[in-house]
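Report on the following structure.
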Amino acid sequence: MSDYVNFLDSRDEYYRKKSKDSDFDYLLNFEKARNNNTKFGLQIPNFNFDNEFSCLSVNEPREDIHKVLIKSNTQHGSTISKCFSSSLAAQKAIKNELGIDSIITLGSLIRNDNKEKMFYESLEKLEYRLKNTDFHSKGIHLHAWLTLPDGFIVDVSVVGTMKTKGNFQDATGNEIFFIDGKKQIDYIDNKDILSYYPMLLGIEYRDRINISSKHHSS
């Protein structure tokens, strides 16, 4: 088993540096993530896009949403290396206080400047871990964020996560990113931003794998 895992790890390291243009198409990859859930035998959380919904007010994040998310982050504590639990807390907060649906989305961050993925594992590696209960690991190389009904990406832990990579060292770690997933591919040549690459939906994958503690690599 270890030889096969080592092979997958080596291949993942190669493909981590080979992002395609289509990897920046958020809605395309979101639908692929739905299919990945089905392929893995994971439930697809109840969630639909809604053209009537908007998380913006005059091109800025709605104040009520932002306040609830800030409060959730403050109550949850440090977001460093806690993107799964931070996202789950944020999801519950905006649902309970504002009635807003969202879906936890798992995948990678892509650096636009060099097209490299961070927190990346191939579907083969993810499936192998899920189907082999004797495969132990300390974590999974995936990041977690929320997708809202208007296609916006809401990331409550990205700054804390990136701090572990040596970035955003002057930030507090509780800043929140709002990114229009529908337009992400339009900014593929903007080297100053991060892009999001969905792979799985919900947190059932995390709960079903054989992992020592519920920590992950982002």
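- Within 6.0 Å of atom CD in Glu63, 12 or fewer heavy atoms from other residues, nucleotides or ligands are found, so the atom counts as exposed in its surroundings.
- Residues in residues 181-190 take part in these salt bridge (charged side-chain N to carboxylate O under 4.0 Å, His left out) pairs, two or more places apart or across chains: Asp180-Lys182.
- Heavy atoms only, all atoms of each residue included: Phe24 and Ser195 are closest at CD2-OG, 3.4 Å.
- The aromatic ring centres of Phe177 and Tyr196 sit 6.0 Å or more apart.
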Applying side-chain contact (heavy atoms from CB on, under 4.5 Å) to Glu121 and Asp9, what does each step give before you reach the verdict?
CA-CA 8 Å; Glu121 290 189 340; Asp9 287 342; 5.6 Å; no

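- In plain terms, the two heavy atoms of Arg206 and Phe84 that are nearest each other are CD-CD2, 3.5 Å.
- Looking only at side-chain heavy atoms (C-beta outward), Leu201 and Thr105 come within less than 4.5 Å of each other.
- Considering CG of Leu109 and CG of Asn112, their distance stands at 10.5 Å, rounded to 0.5 Å.
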One pair to check against side-chain contact (heavy atoms from CB on, under 4.5 Å): Leu194 and Ile110. What are the steps and the verdict?
CA-CA 6 Å; Leu194 294 170; Ile110 305 177; over 6 Å; no

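- Side chain of Asn73 to main chain of Ser157: no donor-acceptor pair is present (N/O by atom type, distance under 3.5 Å, no hydrogens or angles).
- Between the side chain of Thr74 and the backbone N or O of Ile70 there is at least one donor-acceptor pair closer than 3.5 Å.
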Working for side-chain contact (heavy atoms from CB on, under 4.5 Å), residues Glu60 and His66
CA-CA 10 Å; Glu60 294 290 336; His66 196 254; over 6 Å; no

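- Taken to the nearest 0.5 Å, the CG atom of Leu42 stands 5.0 Å off from the CD atom of Glu204.
- For the atom pair CG (Leu123) and CG (Asp12), the distance works out to 9.5 Å, reported to the nearest 0.5 Å.
- Residue Pro198 comes nearest to Phe30 through the heavy atom pair CG-N, 3.9 Å, listed as atom of the first residue, atom of the second, then distance.
- In this structure, Ile188 and Lys115 have side chains that are in contact, with non-hydrogen atoms separated by less than 4.5 Å.
- Remark: Asp23 engages Lys20, Lys117 in a salt bridge (charged side-chain N to carboxylate O under 4.0 Å, His left out) (not counting sequence neighbours).
- Using a 4.5 Å cut-off on side-chain heavy atoms (C-beta onward), Pro45 and Asn37 make contact.
- Ring geometry for Phe47 versus Phe49: interplanar angle over 60°, hence perpendicular rather than tilted (30 to 60°).
- The shortest side-chain heavy-atom distance between Ser108 and Met199 falls under the 4.5 Å cut-off.
- A distance-only check finds no donor-acceptor pair linking the side chain of Glu116 to the backbone of Arg111 [under 3.5 Å].
- In this structure, the separation between NZ on Lys32 and OH on Tyr197 is 6.5 Å, given to the nearest 0.5 Å.
- Side-chain atoms of Lys95 and Gln91, non-hydrogen and from C-beta on, never get closer than 4.5 Å to each other.
- Between Lys71 and Glu97, the closest side-chain pair of non-hydrogen atoms falls below 4.5 Å.
- In this structure, Ile94 and Leu148 have side chains that are in contact, with non-hydrogen atoms separated by less than 4.5 Å.
- Two residues are said to be in side-chain contact when any heavy atoms from C-beta on lie closer than 4.5 Å; Tyr205 and Asn36 fail this criterion.
- A distance-only check finds a donor-acceptor pair linking the side chain of Arg62 to the backbone of Ser54 [under 3.5 Å].
- Across all non-hydrogen atoms, the minimal contact from Ile100 to Pro149 is CG2-CD, 4.5 Å.
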Pair Leu88-Ile104, side-chain contact (heavy atoms from CB on, under 4.5 Å): steps then yes or no:
CA-CA 7 Å; Leu88 186 59; Ile104 292 179; 3.8 Å; yes

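- In the hydrophobic clustering, where aliphatic and aromatic side chains (Ile, Leu, Val, Met, Phe, Trp, Tyr) are joined below 4.5 Å either directly or transitively, Tyr187 groups with Ile193.
- The two residues Leu106 and Ala144 make their nearest non-hydrogen contact at CD2-CB, 3.6 Å.
- Taking all atoms of both residues into account, the shortest heavy-atom contact from Cys55 to Phe178 is SG-CD2, 4.2 Å.
- Checking side-chain atoms of Lys17 against main-chain N and O of Tyr14 turns up no donor-acceptor pair under 3.5 Å.
- For Tyr128 (side chain) and Tyr4 (main-chain N/O), no donor-acceptor pair under 3.5 Å exists by modelled atom type.
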